[in-house]
Amino acid sequence: MSIEGVGNLGGGFTHPVSQNPLKTRLDVQEALSQLLEPLKGCYSAGHSRLILGSSSKDAYANVAGMEGFSRILWGLVPAIAGGSHEELWELCLQGIRSGTDPGHAEYWGEVRDYDQRLVEMAVFGLAFALVPDRIWQPLSDREKSNLYQWLDQINHHPCHDCNWLFFHVLVNVGFHKTGLPYDAVRLEKNLQRIEDFYLGAGWYSDGVGGHCDYYVPYAFHFYGLVYAELMGDEDPERAQSYRGRAAVFARDFVHWFTSDGAAIPYGRSLTYRFAQSGFWSAAAYAGLEGLSLGSLKGLVLRNLRWWFQQPIFDRDGVLTVGYAYPNQIMSENYNSPGSVYWSLKTFLILALPEEHPFWLAEELEMTKTETGIGTGTRTGTGSMSVQEPAHLVICREEKAGHVAAFNTGHPSTNEHTHTSAKYEKFVYSTAFAFSVPRAEWGLSQGAFDSMLALSEGDHLYRVKRLCEETRIQEHVLYAKWKPWRDVEVQTWIAAGLPWHIRIHRISTVRTLDAAEGGFALGLGSLSSSRAGDGAASASGTFGTSAIYGMLGYDTAEFIYPQSNTNLLHPRTVIPTLKAAMDPGTHWLISAVYGTPSAPGTHAIEEPSMEDVKERLGVEILQRQITITTQTGNVIVIPMTNKQVVSPEQV
């Protein structure tokens with residue numbers, strides 16, 4: 001199956017959606033059609049599975065096919081509710097008949113506890129609530145019984161104790177809205193359990209002790225706003241609470257987006273790509289107050305435009321697993337070829353009718369008056385948003401179109417793929433993204449951008465995976481972590497753009513090698529590069545990345561990570577500082593620079609470290625370090641167990 005591409009970029013395939021202006025409701029409807037058209041020939045004979053990957057017949061492939069089928073519905077159901085895409089719905093309805101019929105060869109099967117198919121049931125609840133006349137009424141009595149019985153399995157099997165609880169909620173809301181029997185007791189129990197995940201200030205954790213990542217906007221708040229809109233009459237107090245929390249969260253989340261629509265790559269499940277803006281679609285759908293409809297419209301459409309300019313499709317026009325290009329290395333253990341179509345949640349806005357004020361509103365840019373962006377008061381930090389529940393400080397360099405999330409790290413960890421890379425780096429950037437390791441040996445396989453990596457001389461490096469202590473005081477972040485039981489690292493970061501400063505106090509009984517990575521710069525055409533004398537910097541097509549040793553480092557060099565480790569660029573270079581440390585206490589201090597190529601930005605010239613320290617409020621004295629925040633608070637870091645620093649070193 002293939003579709004006719006338009007344009008030609010270096011001889012490659014250009015997806016038709018990249019030419020879509022995405023200005024009007026018709027444009028958005030057409031974008032959904034352009035995304036779905038390549039899939040029409042990928043359905044199984046009974047239309048109940050989407051076959052995008054391996055043709056194997058094992059149980060995993062069957063579940064993966066069902067997953068692909070269901071995820072298309074996140075875009076299709078709102079479109080049907082809004083009166084479009086009727087032709088594909090009939091094919092999907094036949095797939096529902098086949099998949100829920102125990103006597104059919106393509107039956108979706110009996111589920112188990114914590115089964116992936118429980119995840120995929122949620123969109124059927126949305127369909128029951130939005131388009132009961134299209135999913136329920138056309139079925140015969142036997143087909144209705146089959147569909148209900150298959151979905152009702154979710155009331156007899158536990159879901160994981162995290163955002164998964166909302167899947168049970170949505171199915172039962174759908175049952176309720178269609179007048180079918182539903183488990184009201186368990187529904188309420190799960191809604192109450194979700195309250196235990198609420199951290200305040202609009203933020204949830206993904207389960208008790210879990211991370212704060214994109215599952216907050218495109219899971220907890222997305223489902224919460226859908227619930228508020230559907231159940232406002234039956235459960236007005238909870239609906240009001242969900243709306244209020246989402247409005248507070250929106251004031252933080254808006255800082256994650258650049259003026260051209262890119263968003264910060266951070267956390268897991270990033271292959272869901274433009275689900276990043278699903279929260280803004282849900283906010284428009286639910287009539288959330290706080291941001292104007294023009295602002296919401298801009299946030300959604302700019303993000304879609306940004307994504308549709310990236311090479312994220314295969315030659316047949318099918319979405320691939322990856323981020324800004326096809327990349328299996330960064331993917332999750334639970335990703336299948338069809339997983340990526342969870343990104344269609346952003347098309348919830350198609351449920352809004354043509355005459356809805358959202359479609360009539362003028363798209364607004366991310367101006368200061370509309371979003372509150374640009375409120376930072378310290379010159380060296382740019383505008384700043386402290387988001388303590390998420391352990392993040394968001395900094396913006398508006399002129400360069402650069403947004404970065406500085407990160408303390410977290411007190412807990414998990415077994416998801418590349419957890420350290422996705423949650424424990426010092427900073428995550430819209431311009432440089434982040435990298436994941438490809439293998440375990442050496443700096444090029446580890447791809448340790450924005451990290452301090454430590455080894456015992458055997459080229460096997462350890463990095464921060466969880467923290468014993470963390471705190472944020474304005475633009476200063478602190479973490480204490482132990483890569484080994486007998487090695488303690490204390491890290492302070494003076495956050496800002498384009499410069500930030502990192503300070504490490506390392507207490508070790510082991511002989512260690514240290515590598516401090518700057519931002520990973522995409523290997524386009526490098527216009528200048530140099531490494532030596534305690535500094536490394538590179539400038540080129542995609543911007544400038546540099547790192548300068550201020551104390552404790554021995555050498556500077558370029559690390560060229562193995563291919564497909566970075567989320568934005570297949571090949572990168574990481575300016576890196578290195579140090580060798582005997583047992584004892586050591587201090588490592590560096591200044592890190594990063595800015596994208598954009599109008600009005602320039603390659604870095606010889607910087608004055610005094611100017612950098614002044615911008616960020618950092619002063620390195622002989623016996624202590626001080627960091628002055630933008631409100632005048634002074635953080636004092638005693639340089640204990642360390643020889644007095646000479647004036648030449650600072």
Side-chain angles (χ1 to χ4, degrees), residues 376-384 393-400 402-406 426-427 429 431-432 449-450 452 473-478 491-505 516-519 521 528-539 543-553 555-556 574-577 579 587-596 600-622 624-637 639 645-650:
T377 58
R378 177 180 291 284
T379 302
T381 63
S383 66
M384 183 178 69
V393 173
I394 311 296
C395 292
R396 305 180 67 85
E397 189 185 12
E398 202 65 43
K399 184 177 180 180
H402 188 197
V403 178
F406 290 86
F426 301 134
V427 57
S429 159
F432 304 99
D449 59 324
S450 300
L452 175 66
Q473 188 171 354
E474 298 180 56
H475 79 298
V476 182
L477 301 88
Y478 169 80
T491 296
W492 294 262
I493 300 173
L497 287 177
W499 288 98
H500 69 274
I501 288 176
R502 305 176 193 169
I503 302 165
H504 307 292
R505 179 187 184 273
E516 180 91 52
F519 291 108
L521 177 67
S528 65
S529 63
R530 68 177 183 87
D533 300 323
S537 66
S539 297
T544 299
S545 174
I547 190 164
Y548 291 79
M550 303 174 77
L551 181 67
Y553 295 99
T555 61
I574 303 175
T576 300
L577 299 173
W587 290 82
L588 302 177
I589 306 177
S590 61
V592 184
Y593 180 91
T595 194
T601 62
H602 305 281
I604 189 171
E605 299 177 356
E606 278 299 320
S608 163
M609 288 298 103
E610 290 303 317
D611 288 346
V612 173
K613 288 187 288 185
E614 183 179 355
R615 289 183 187 186
L616 295 167
V618 176
E619 189 172 10
I620 305 173
L621 305 173
Q622 292 188 354
Q624 67 182 26
I625 301 166
T626 63
I627 308 176
T628 303
T629 69
Q630 61 187 25
T631 60
N633 292 315
V634 179
I635 298 168
V636 179
I637 307 170
M639 297 188 74
V645 179
S646 67
E648 290 78 13
Q649 290 177 292
V650 300

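Positions are given from 1, in the same order as the sequence printed here.
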Ignoring hydrogens, what is the shortest heavy-atom contact between Val592 and Gly518? Give both atom names and the distance.
CG1-CA, 4.1 Å
Pairing residues for Val618 by the side chain to side chain contact (heavy atoms under 4.5 Å, CB included) criterion, not counting sequence neighbours:
Ala494, Ile501, Lys613, Leu616, Ile620, Ile625, Ile627
Gap between atom CD of Glu516 and atom CD1 of Ile574 - 0.5 Å precision
11.5 Å
Distance-minimising heavy-atom pair for Ala431 and Pro596:
CB-CB, 3.7 Å
Any non-hydrogen side-chain atom of Phe426 less than 4.5 Å from a side-chain atom of Leu452?
yes
Find the distance between CZ (Phe406) and NE2 (His500) and round it off to the nearest 0.5 Å.
5.0 Å
Of all the heavy-atom pairs spanning Gly552 and Ala579, show the shortest one and how long it is.
O-CB, 3.5 Å
What pairs with Thr491 under side-chain hydrogen bond (donor to acceptor under 3.5 Å, both in side chains), at least two apart in sequence or on another chain?
Trp481, His504
Rounded to the nearest 0.5 Å, the CG atom of Leu621 sits from the CD1 atom of Ile637 at a distance of 11.0 Å
Minimum heavy-atom separation for Val427 to Ser450, with atom names?
CG1-OG, 3.3 Å
Thr595 and Leu497, any side-chain heavy atoms less than 4.5 Å apart
no
What distance separates Ile589 CD1 from Arg502 CZ, expressed to the nearest 0.5 Å?
13.5 Å
Kindly give the heavy-atom pair with the smallest separation between Ala556 and Leu577, and that separation in Å.
CB-CD2, 3.7 Å
OG1 on Thr544 to CZ on Phe519, rounded to 0.5 Å
12.0 Å
Within the 4.5 Å heavy-atom criterion, are Asp449 and Phe432 side-chain neighbours or not?
no
Under 3.5 Å donor-acceptor, Glu474 side chain and Thr631 backbone:
yes
Run the side chain to side chain contact (heavy atoms under 4.5 Å, CB included) check on Ile394 and Val403 step by step: do they pass?
CA-CA 7 Å; Ile394 311 296; Val403 178; 3.6 Å; yes
Can you check whether Trp499 reaches Met609 side chain to side chain, under 4.5 Å on heavy atoms?
yes
Mind listing the closest non-hydrogen atom pair of Ser537 and Ala546 along with its distance?
CB-CB, 3.4 Å
Rounded to the nearest 0.5 Å, what's the gap from CZ on Arg396 to CE on Met384? Could you check?
13.5 Å
Who passes ring-ring contact (aromatic ring centres under 6.0 Å, His included) against Tyr553, sequence neighbours left out?
none
